Amino acid sequence: MTEVSSLTGRLLVATPALADPHFARAVVLLLDHDGQGSLGVVLNRPTPVDVADILDDWARYAGAPPVVFQGGPVQLDSALGVAVVPGGEGPPGWRRVHGAIGLVDLETPPETLGAALGSLRIFAGYAGWGPGQLEDELTEGAWYVVESEPGDVSSPAPERLWRDVLRRQRGELAMIATYPDDPSLN
């Protein structure tokens, strides 16, 4: 079996050619990537559902906009919390994924973690790939792989995140940020 280089903590940015409606213009934060597969959350799919409507105790810690995000097409009835914790060790109930970004155990009492959280996003569902599936999509050119920044998790304008992430890249990727939503209108 071929060794898989971990992409955990990196962003998958959908190429303009990616036609799957679940992932068109998506920015996915990979929370886990190894030989067993990959799991991530789509950072730029806010829903109209307020966090207070499903996880009232966590609502005051949610960043703006304080809504639930659709993390992906898998298990939409489950919730994942992703938060930025600045500094060294995180509090109990938070597990570092990459840098200051980590997963929140939503079973932990919010007041235990609240003061330590720099930002929190709640995701309904996740994006998942089986062994080798993401690597195949990367080979096909469906995704750009770029470094994440803690602010990506809490972008106050998630609808601009695809363009913002591409714009901060060097060279050709920065130019792709200007790619029209519908090139047939040009």
Side-chain angles (χ1 to χ4, degrees), residues 4-33 37-51 62-74 76 80-84 86 97-103 118-130 132-186:
V4 175
S5 176
S6 181
L7 300 175
T8 299
R10 307 219 24 221
L11 296 178
L12 298 177
V13 181
T15 67
L18 185 58
D20 180 335
H22 292 109
F23 297 111
R25 300 275 170 130
V27 177
V28 177
L29 172 65
L30 284 175
L31 300 172
D32 192 26
H33 176 256
S38 305
L39 180 139
V41 289
V42 179
L43 297 177
N44 58 336
R45 296 282 194 271
T47 72
V49 178
D50 287 334
V51 171
V67 297
V68 175
F69 282 66
Q70 184 172 338
V74 182
L76 293 172
L80 282 169
V82 177
V84 172
V97 170
H98 177 76
I101 300 168
L103 286 167
S119 61
L120 170 69
R121 280 276 155 84
I122 302 295
F123 296 91
Y126 62 90
W129 295 265
Q133 187 179 7
L134 178 57
E135 288 74 15
D136 290 345
E137 290 182 17
L138 292 171
T139 300
E140 293 167 4
W143 301 99
Y144 303 117
V145 179
V146 302
E147 293 297 324
S148 64
E149 295 181 1
D152 297 333
V153 172
S154 59
S155 172
E159 69 282 352
R160 292 193 330 242
L161 191 59
W162 185 84
R163 290 187 193 282
D164 291 347
V165 168
L166 287 172
R167 193 172 289 120
R168 73 176 185 235
Q169 306 308 309
R170 297 178 188 257
E172 183 181 322
L173 284 184
M175 292 188 324
I176 291 172
T178 63
Y179 197 87
D181 292 335
D182 185 354
S184 68
L185 298 177
N186 283 344

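If you read the sequence from its start, that first residue is 1, and numbering goes on from there. What you are looking at is a predicted structure, and each value in this text was computed from that prediction instead of being measured.
Looking at Pro65 and Arg121, their side chains come closer than 4.5 Å, going by heavy atoms from C-beta outward. Leu31 places none of its side-chain heavy atoms less than 4.5 Å from the side chain of Tyr126. Looking only at side-chain heavy atoms (C-beta outward), Ile101 and Leu29 come within less than 4.5 Å of each other. Within the 4.5 Å cutoff, the side chain of Leu30 has heavy atoms near those of the Ser38 side chain. Considering only heavy atoms from C-beta on, Asn44 stays 4.5 Å or farther from Phe69 through its side chain. Put simply, the side chain of His33 does not reach to within 4.5 Å of the side chain of Arg10, judged on heavy atoms. The closest side-chain heavy-atom distance from Val27 to Leu12 is not below 4.5 Å. Under the 4.5 Å side-chain criterion, counting only non-hydrogen atoms from C-beta, Gln70 is not in contact with Val42.
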Please report the C-alpha distance between Trp129 and Val74 in whole Å, then the side-chain angles of each, then the deciding distance to 0.1 Å, and finally whether the side-chain contact (heavy atoms from CB on, under 4.5 Å) criterion is met.
CA-CA 10 Å; Trp129 295 265; Val74 182; over 6 Å; no

- Item | CA sep, side-chain torsions, deciding dist, call: Val165, Leu43, side-chain contact (heavy atoms from CB on, under 4.5 Å) | CA-CA 11 Å; Val165 168; Leu43 297 177; over 6 Å; no

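To the nearest 0.5 angstrom, Gln169 atom CD is 13.5 Å from Met175 atom CE. The line from CG of Leu18 to CD of Glu140 is 10.0 Å long, rounded to the nearest 0.5 Å. Here the CD1-OH distance, from Ile176 to Tyr144, works out to 3.0 Å after rounding to the nearest 0.5 Å. If you take OG1 on Thr178 and CZ on Arg163, they are separated by 7.5 Å, rounding to the nearest 0.5 Å.
At distances below 3.5 Å, at least one donor-acceptor pair connects side-chain atoms of Asp152 with backbone N or O atoms of Glu149. Ser148 places no side-chain N or O within donor-acceptor distance of the main-chain N or O of Leu11, the cut-off being under 3.5 Å. The backbone N or O of Gly141 sits less than 3.5 Å from a side-chain atom of Thr15, completing a donor-acceptor pair. Using modelled atom types, no side-chain atom of Arg45 and backbone atom of Phe123 make a donor-acceptor pair closer than 3.5 Å. Remark: the backbone N or O of Glu137 is not paired with any side-chain donor or acceptor of Trp143 at under 3.5 angstrom.
When all heavy atoms are compared, the tightest approach of Pro86 to Gly118 is CD-N, 4.0 Å. The nearest pair of heavy atoms linking Ala62 to Val51 is CB-CG2, 4.0 Å. Heavy atoms only, all atoms of each residue included: Gly125 and Val41 are closest at O-CG1, 4.2 Å. Closest heavy-atom contact between Pro73 and Phe23: CD-CZ, 3.8 Å. A pairwise comparison of heavy atoms in Leu166 and Ala177 identifies CB-CB, 3.8 Å as the closest pair.
Of the candidates Val153, Asp32, Val82, Leu103, Val97 forms a side-chain contact (heavy atoms from CB on, under 4.5 Å) with just one, namely Leu103.
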